[in-house]
Structures are given as C-alpha cells and as structure tokens.
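This report concerns only the one structure given below.
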Amino acid sequence: MPRLIAIVEDEPTIRANYTDALKRYGYEVNAYGNRRTAEAAFALRLPDLVLIDVGLGDEPEGGFDLCRNLRARSATLPMMFLSARDSDFDIISGLRLGADDYLTKEISLPQLLARIVTLFRRVEALRQPPGQEEMLEHGPLRLASERMECHWNGQLVELTLTEFWIVHAMARYPGHVKNRAQLMNAAQVLVDEATITSHIKRIRKKFLAIDPDFDAVDTMHGVGYRWKP
Amino acid sequence: MPLRFKLLLILLLAAVFPVAGFRFIEQMEATLRLANEQALLASGQAIGKALLVMDPKLAAEGRERLYAREINFALSVDGYVGDWRELEDLAREYQDRDRQLTLRVFLARDPHWLYLRADVRDRSPVPPEGDDAALERADRVEILTDQYRLLLACERQGPARLAGLPRGMNAGLAACDRDPNGYRIELRMPTSWALSRLGIAAIDVPVPGADLPRALIGTVQNGRVVSVPLQGTGVQLPGLIALLPEGTRARVISPDRYVLAQAGVLYEAAQQAQRETFQRWLRATVYRLMLAPAFTDPAPYRGDLLRLETTETEAALRGESAVGWRPASTQHSVVLSAAVPLGGKGEFGALLLERTSDTLLLWTNRGLGGLLLGGLITVLIASAVLFGYAGYLSYRIRRLRTAAETALSSDGKLRGRFPRSKAHDDVGELSRAFARLLDQIGEYNEYLRSLASKLSHELATPLAMVKGSLDNLELLHLPEQARTYSERARSGVERLGYILRAMSEANRIERAIDQAEAERFDLRAFVTGAVAAYRDLPAARNKRIECLVPEQAVMLMGAPELLHQALDKLVDNALSFTPEQGWIRIELRMVEQIPRLSVSNQGPPLPSRMQEQLFQSMVSVRERGDNTPHLGLGLFIVRLVSELHGGLPQAGNLPNGEGVYFELHLPGML
C-alpha cells in the first residue's frame with residue numbers, strides 16, 4: 001500500500017508541482033490549501049508524512065499551529081516544514097515544535113524526494129527492533145545510521161535529519177576536518193554555508209543539554225569542523 | 001560667504017549712521033564756531049572804530065612814543081630796582097651802531113608820580129667829576145620834558161647827580177647805582193609837570209672832558225634829543241565795557257605791542273566753580289577727542305601782560321583781522337580771541353577781544369545737542385542689539401546646518417532625533433520642516449534597506465513555482481528541442497535564485513549581527529587557520545597568498561564566525577581581482593593596541609570616486625560582463641561586521657599603485 005503524504009501549502013502551483021512529483025514516485029498524495037481543511041482531513045485519518053508550509057493564506061504562522069496540533073496527537077508522525085522563510089528564527093521555531101526537518105523552497109524536487117525517502121527509512125528503522133544494523137561508535141557517541149538515532153553516554157540526543165547527517169559526517173572520521181561544503185553534501189541540503197554554522201551551534205546545544213562538559217565538536221576557523229579524535 | 005560675515009557687512013552699513021551723525025555734529029560745530037568768530041570779529045571792528053573816535057590819543061601823530069605803565073603802587077627811588085621786577089617787560093631799548101652803548105628805559109606812573117628808570121650799559125664809563133657843569137662832559141642821561149631839560153649822571157651808588165631843575169626842587173627825585181659795565185638811574189617826576197611829552201637819551205663820552213659825545217641814543221632826531229608823546233598803558237577803559245559783549249575782555253595794544261588799555265573780564269574763573277557732571281565730562285571728552293580746533297598756546301594771552309605778542313595781534317598789526325582758539329583754564333571751556341587792526345592797516349595798534357565759550361558750541365544750543373547725543377546713543381544701542389541678534393540668528397542657522405549635516409549617517413540611517421526648534425519664527429519653521437523631511441527620508445531609507453530582503457522573500461515563492469514546474473517538466477520525456485529550452489529556463493532560474501540569496505544575505509547577516517554573542521578568541525590563530533584554508537581553494541591555485549601575523553597571540557572579543565564571513569568576502573574579492581601568478585597578502589598587526597586586519601592584493605586600483613561608497617549596499621566597482629551576478633553586498637557585509645567589532649573598514653590603493661588594500665580596525669565587541 002503506497003504511503004500517504006499530506007501537503008499543506010497555500011500556493012496552488014507549488015502544491016500541484018509537489019503533488020505531481022510525489023505521485024510520480026508512487027506516493028499517494030493529499031494536498032490542502034489551508035489549515036482548516038487539512039485539520040478536518042487529519043481528524044479522519046493521519047497521513048504517513050506531512051509537508052507543511054509555514055505561512056498559510058491569511059495565517060502567517062498557520063503551519064506552526066498545525067504542526068503543534070499534529071505533534072500533540074502523534075509523537076511519531078514525521079513532519080517536514082517546507083517554507084520560503086529561511087531565517088534562523090523560523091527554522092529554530094519549526095524544529096522546536098517537533099518537526100523532523102525544515103527545508104526551504106530552494107530545494108529541488110529530487111532533493112526533496114531524497115529527504116522524504118530518508119525520513120521514511122528512519123521511521124521504518126525505528127519500528128523494527130534494534131538488530132544488527134550498522135553502528136558507529138566513538139567514545140560516548142553512538143550513531144545508528146538506519147534508525148538515525150544518536151546516543152551520547154547512552155542517552156538519546158534528539159537530532160533532526162540534517163543535524164544527524166552533519167554529526168554522522170564528522171564522527172565517521174574523527175579528527176578529520178570537514179568544511180562547510182562537505183557537511184552540506186552530507187546533509188543533502190542546499191542551504192548557504194552560514195546555515196551550517198547555526199546547525200553546528202544547535203548540535204552543540206543539544207549535546208550540552210545532556211552533558212554540560214561536551215566539547216567534542218571543534219571549530220577550525222576558516223576551515224570547517226571536526227569531531228575530536 | 002558665511003551668513004555671519006554678510007550680517008557683519010550689513011552692520012558695517014549701520015555703522016554709517018553714527019559716522020554720518022558725527023560728521024553732522026562736526027559740520028554744525030564748525031558752522032557755529034565760524035558764526036561765533038564772525039560775531040566777535042564784527043564786534044571787534046565796531047569797537048575798534050568807536051575807540052578811535054572816543055580816544056583820539058590813540059590816533060596820535062607819529063609812531064614814535066613812550067609808554068608809561070599805570071600802576072597802583074609806589075616805587076622807591078633808591079637805586080635798587082627790585083621793586084621794578086613786575087615791570088621788566090616795559091623796557092624800551094636803544095642801542096648805538098657799535099653796540100657799545102645800550103639804553104633801556106622803563107616808565108611807570110601812579111596818580112602822583114611818573115617813575116623813570118634808565119639802565120645804561122657802557123663799555124667806557126666816564127663818571128662826572130666836579131660841579132654840575134661837569135655833567136655836560138660825562139656819561140649821562142638827558143631827559144626832556146615840556147618844561148625842563150634834565151641831566152642825570154651817576155657817580156656812585158646813592159643819589160644821582162641831577163641838573164636842570166630850579167634849585168631846591170631836585171631833592172629825592174633821582175637815585176642811581178653803577179657797576180663796571182654801566183649805571184642805572186631812577187627818577188621820579190611829579191605828575192603836576194604836565195608830562196604829555198617826554199624825551200630821553202643816553203650820552204656816552206669817549207674820554208673825560210671831551211667836548212663831543214661819542215654816541216647819543218634814545219629819542220633822538222638829527223643828533224638832538226626830542227620829546228615824543230608819552231602815553232599811559234594798562235589803562236582801564238570803563239567806557240569800553242559798555243560796548244563789549246557779555247563776558248568779553250578787550251585789550252588795546254600799541255603798534256609796538258604795549259597793552260595800552262583793557263576792559264572787561266574773562267569768565268574763566270567763574271566756570272571753574274561749576275560741578276563736574278557726567279554730561280560735562282562727556283562733552284569735554286568728545287570735544288577734545290574729536291572736534292577740538294587747532295589750539296594755540298594760552299601763555300601769550302595772560303591778562304597781566306604788559307606787552308602782548310599773539311598770533312592774532314601780530315596779524316592785526318599787519319592790517320589783517322584774525323581769530324584763534326585756545327583752551328581756557330578750565331577743562332570745559334575754550335577761549336575765542338579775535339584781533340582787529342586799529343586804523344586801516346593797524347597803524348594805531350590793534351584791538352584784541354577774547355571771550356570764553358563752552359567747549360562744544362553745539363551744547364549751547366541745548367535742543368540740538370540733546371537730540372544729537374540721544375541719536376548717537378540710540379544708534380549705538382541699536383547697532384549693538386542688531387549685531388547681537390544677527391549673531392544669535394547666525395548661530396541658530398549654523399546649529400541647524402550642523403544638525404542637518406549630521407542627522408543622517410553615511411548609510412542613510414537617522415542618527416537619533418533631529419532637534420526640533422520650538423521657536424515661532426522662520427528659522428524654527430525651517431528646523432521643523434527639516435525634521436519632517438528627515439523623518440521621511442529616514443522612513444524611505446528604512447524602506448530601501450528592507451526592500452532587498454522583502455523582495456527576495458516575496459520572490460522566493462514564485463521562484464519555487466517556476467523551479468518546481470521545471471523539475472516536473474524535466475521528468476517528462478521531452479523532445480530534444482524542448483529540453484534545450486527547459487535547460488535555458490533552468491539556468492535563468494538558478495541565476496535568479498543566486499541573486500535572491502545574495503539579496504537576502506545582507507539582511508540575514510544583519511540579523512545574525514544583532515544576535516551575535518561575543519567570545520574571546522585568538523585572532524592570530526584565526527587568521528593563520530583561515531589563510532591555510534584559502535590556499536586550498538581552486539581559485540587560489542595560481543596565486544601566492546602571503547600571511548603576516550604578530551609573534552604573540554592576539555586576543556579579541558568578537559564573533560569569529562561573522563569575522564570569518566567578512567574575511568571570506570575580502571579574500572573572495574581579492575582573488576577575483578588578482579591576476580594569474582599575482583599575490584595576495586593577509587596581514588594582522590597591532591597599531592596602538594588595536595588589531596588591524598588587512599587584505600591587500602595585486603590588481604587594478606580602485607576608482608577614486610567610488611572609494612567612499614565602496615562599503616555601502618549595492619555598490620560595485622566591478623565591470624559588467626561577469627558571468628555571475630554581483631550585487632556589491634560583500635563589502636557592505638564587511639562593514640557591518642567591522643562595525644560590530646567597534647571599528648570601521650578602510651579601502652584604498654597601495655602607495656606604489658600596484659594594488660589595493662582593505663583594512664579592518666578591530667577594537668573588539670563591547
């Protein structure tokens with residue numbers, strides 16, 4: 001049975017474009033133009049993944065409200081923001097509300113599809129019992145690449161997809177410096193390099209929340225970042 | 001020309017009023033003075049004519065005469081001349097050709113006596129020897145009166161030898177004294193002798209007993225002693241007073257300068273008693289400073305003089321009327337003197353009239369003087385007030401200008417609030433209009449500043465529409481020809497996306513700067529690390545990147561990520577301008593404890609007209625034709641980062657013209 005993806009986007013053209021592309025990939029797609037119709041539909045059935053635009057018609061923050069409501073209903077529902085708003089503030093707000101990823105509309109359709117596939121893979125992996133999947137361990141850090149779970153000192157660190165891949169790229173070869181472009185490739189996002197900096201900051205904060213003495217991510221000014229060997 | 005100088009010029013024009021006023025006073029004063037002079041001269045001429053009629057003696061015949069000073073004290077006839085001291089000026093002097101013999105005659109009279117003193121200087125004295133007849137053959141003085149011919153000689157100090165009087169009459173009349181240079185004879189004659197004429201001569205004999213005198217001097221004609229009219233001098237003429245204007249003194253002088261008669265008194269002493277008021281002081285000062293005519297020395301005009309020799313009288317004796325001004329004995333008055341000749345050419349002498357006058361004649365005309373003084377003071381006060389007001393106005397306008405100049409910072413942001421004047425005048429209006437205008441400019445600039453990011457934001461959605469459609473389109477099986485066009489459309493869209501990203505980048509950096517947190521880091525390590533990364537860039541492959549840093553660590557409070565972006569922009573610029581095999585130098589140095597980070601590179605110099613605007617948004621010095629769009633935001637970001645660190649960026653050409661430099665001063669974040 002094909003997976004059901006819901007798109008909440010107020011711009012009909014973009015909505016149609018995404019719908020067409022995702023349908024072409026074999027997903028079942030339901031598209032909604034505003035929060036009200038979307039919520040009405042979700043009340044009947046939750047989709048497998050929701051793509052939400054932040055600004056919805058006359059509700060500038062309608063996407064955030066929708067995300068909050070959905071997260072309240074389901075802790076596991078995969079949600080992605082897809083918005084023209086690219087400020088750090090919006091990104092942080094969106095992720096804090098429990099979205100799994102925040103993408104800007106600059107992303108191309110193939111990239112978007114790649115992110116969706118990855119997200120489904122992660123959900124899939126979470127459903128299966130921990131098996132003999134590939135584990136990456138370095139000191140207190142443990143990365144499960146199938147489930148995309150990150151543990152530090154045995155505690156789960158809630159990372160978004162982008163953050164997970166950035167940590168993964170650094171930790172695979174500890175001590176090697178990864179520049180911003182390499183980290184961007186690893187995370188499969190097309191954002192400008194400054195956004196990488198803010199991702200790194202957030203990653204540090206998340207680890208620090210668990211372990212106040214965390215300092216495994218090194219900034220090499222002008223070069224990039226590395227995981228401390 | 002600044003406004004205050006123009007106002008000063010106009011004020012100079014206002015200064016014309018006092019000057020003109022002063023000139024007017026001067027003219028008035030001169031006119032009044034001239035009128036006074038004319039009046040006094042006219043009186044003088046009238047009185048002179050009257051005098052000649054009243055006192056015919058003045059017009060006596062001939063010029064030769066003797067003058068006897070009227071005195072009111074007695075002289076003792078004792079051979080000592082101490083009591084003649086006050087009358088020294090009376091001397092009438094005669095001298096022979098060889099200057100061997102000199103006779104000086106003094107004459108004075110009181111109601112009873114005519115006193116005569118004859119000083120004789122003789123190099124070869126021959127004293128009388130023997131009886132009276134011997135007098136005829138000694139050095140002697142001969143006196144000729146209407147009745148008598150007197151001979152006087154001096155033997156020794158004491159009574160003089162006197163001959164020519166009836167026996168018994170000569171007792172106590174004459175005395176004498178002598179010294180090696182000559183002798184002196186005193187003689188008094190009763191006024192009962194009807195002394196209307198008098199002759200006097202000194203006779204010098206060469207040797208004792210000689211028959212003929214060697215020299216004969218005195219009132220002499222054709223070798224004989226003759227008598228000439230005797231005229232009293234220093235006479236008070238009460239009849240003249242009636243003719244004189246009030247406060248005027250008149251003096252009549254003879255052709256040989258003896259003061260024959262006088263009448264009236266000058267009011268000099270009377271005015272001295274007046275109180276010293278401010279107005280009087282002011283008048284005197286103004287007068288002495290500015291208006292005073294050429295003064296003559298007051299000494300020759302003294303009232304007790306026996307003979308008078310003044311400029312005016314000398315002119316009158318030549319037949320010309322003359323006037324003169326001199327200071328009076330008090331501060332506040334002057335004396336006008338006018339001399340007129342007596343007789344057509346002064347042959348009978350001259351009349352000198354003197355009159356005291358207030359220093360400023362104008363003030364005698366009270367109304368006019370007050371008006372002028374008031375006008376002068378008013379103009380001065382008005383000028384001062386006008387000048388003060390002009391200065392104040394100029395100050396306000398200058399302040400407004402300064403405020404207007406500094407109201408906007410170089411990037412168009414309003415700097416604080418423009419000071420709005422509360423004054424209800426034109427300058428106040430101007431100030432408020434400026435404030436309104438600046439508010440509008442500020443809003444407009446704010447709009448422009450946010451326009452780029454708003455625009456990029458608004459364009460993001462349609463761009464996503466186009467992009468998504470293209471993505472979908474390319475997934476269809478397009479004919480080859482259609483694919484070409486879709487690729488072209490895609491390259492256009494990508495370029496548009498690049499532009500939008502660049503446009504919003506500045507805004508994003510501004511936001512990042514607002515949220516930037518300062519941390520302490522080593523700038524030296526930062527630069528070294530960054531340069532190492534730049535050397536790996538493909539664009540730097542054929543270019544030499546030099547790095548100059550201090551030997552010790554340079555700690556700085558700052559935001560390394562932002563600083564890194566700024567440095568990225570500068571190096572990116574430098575790389576694109578540096579020719580192949582060229583060099584780039586990244587230098588960190590300390591100047592006065594403040595780190596300076598500079599990036600210089602070989603390459604074309606900056607156009608001079610652009611240097612100031614270089615760090616502003618949307619300014620680029622790149623020539624068109626580049627493939628990648630360039631919005632000129634790089635250096636704007638550099639400036640924002642630099643300002644965040646408390647410094648300003650500088651750009652310029654290297655001194656030898658081989659390249660350009662960009663420098664950041666980094667005092668550090670607060």
Side-chain angles (χ1 to χ4, degrees), chain A residues 7 9-25 53-55 60 82-92 103-113 177-181 190-201 218-226, chain B residues 453 456-476 490 493-494 497-498 500-502 504-505 507-509 511-512 514-515 517 519 521-537 559-565 567-568 571 586 637:
Chain A
I7 298 175
E9 161 69 64
D10 57 342
E11 190 61 54
T13 313
I14 295 180
R15 196 165 64 224
N17 274 340
Y18 288 153
T19 309
D20 292 351
L22 293 174
K23 274 185 177 159
R24 197 174 293 118
Y25 258 79
D53 188 6
V54 175
L82 188 58
S83 172
R85 289 156 65 159
D86 57 355
S87 72
D88 274 359
F89 180 76
D90 288 319
I91 296 174
I92 291 169
L103 306 172
T104 65
K105 283 182 180 170
E106 297 205 342
I107 197 166
S108 66
L109 284 178
Q111 277 172 323
L112 174 66
L113 284 164
V177 179
K178 298 282 174 198
N179 63 29
R180 291 183 170 86
L190 182 71
V191 288
D192 61 285
E193 299 185 5
T195 316
I196 293 290
T197 311
S198 57
H199 279 303
I200 293 278
K201 264 190 196 162
D218 260 357
T219 306
M220 308 302 286
H221 290 298
V223 189
Y225 303 91
R226 62 167 195 173
Chain B
S453 72
S456 71
H457 203 230
E458 290 303 315
L459 289 178
T461 303
L463 190 67
M465 286 155 60
V466 177
K467 245 171 130 176
S469 305
L470 278 176
D471 285 342
N472 275 330
L473 189 66
E474 280 167 8
L475 290 174
L476 303 177
R490 175 167 293 285
V493 165
E494 271 166 11
Y498 180 86
L500 289 184
R501 257 205 315 282
S504 58
E505 188 181 13
N507 205 40
R508 216 170 323 150
I509 291 248
R511 237 174 341 204
D514 287 344
Q515 294 161 4
E517 286 169 19
E519 60 180 276
F521 68 102
D522 179 8
L523 196 56
R524 192 177 78 118
F526 169 88
V527 172
T528 328
V531 171
Y534 295 139
R535 285 188 179 131
D536 294 337
L537 291 175
E561 275 88 17
L562 291 169
L563 208 52
H564 196 269
Q565 288 192 38
L567 192 58
D568 276 353
V571 173
I586 297 163
I637 289 168

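These figures come from a predicted structure and were not determined experimentally. Numbered from 1 within each chain, the chains take letters A, B, ... in sequence-line order.
The NE2 atom of B/His564 sits 10.5 Å away from atom OG1 of A/Thr219, with the distance rounded to the nearest 0.5 Å. Here the CG-OG1 distance, from A/Asp10 to B/Thr461, works out to 7.5 Å after rounding to the nearest 0.5 Å.
Scanning for side-chain hydrogen bond (donor to acceptor under 3.5 Å, both in side chains) contacts around A/Arg85 gives A/Glu61, A/Asp90, with sequence neighbours left out.
Here the closest non-hydrogen pair linking A/Leu109 and B/Gly468 is CD1-O, 3.4 Å.
Note: A/Ala21 leads A/Ala16, A/Ala21, A/Ser83 in heavy-atom pairs under 4.5 Å with chain B.
Neither the backbone nor the side chain of B/Leu459 has a heavy atom closer than 4.5 Å to any heavy atom of chain A.
A distance-only check finds no donor-acceptor pair linking the side chain of B/Asp471 to the backbone of A/Ser108 [under 3.5 Å].
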What's the verdict on side-chain contact (heavy atoms from CB on, under 4.5 Å) for B/Asn472 and A/Arg24, showing C-alpha distance, side-chain angles and the deciding distance? CA-CA 9 Å; B/Asn472 275 330; A/Arg24 197 174 293 118; 3.1 Å; yes
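Contact annotation: the side chain of B/Lys467 never approaches that of A/Asn17 to less than 4.5 Å [non-hydrogen atoms, C-beta and beyond].
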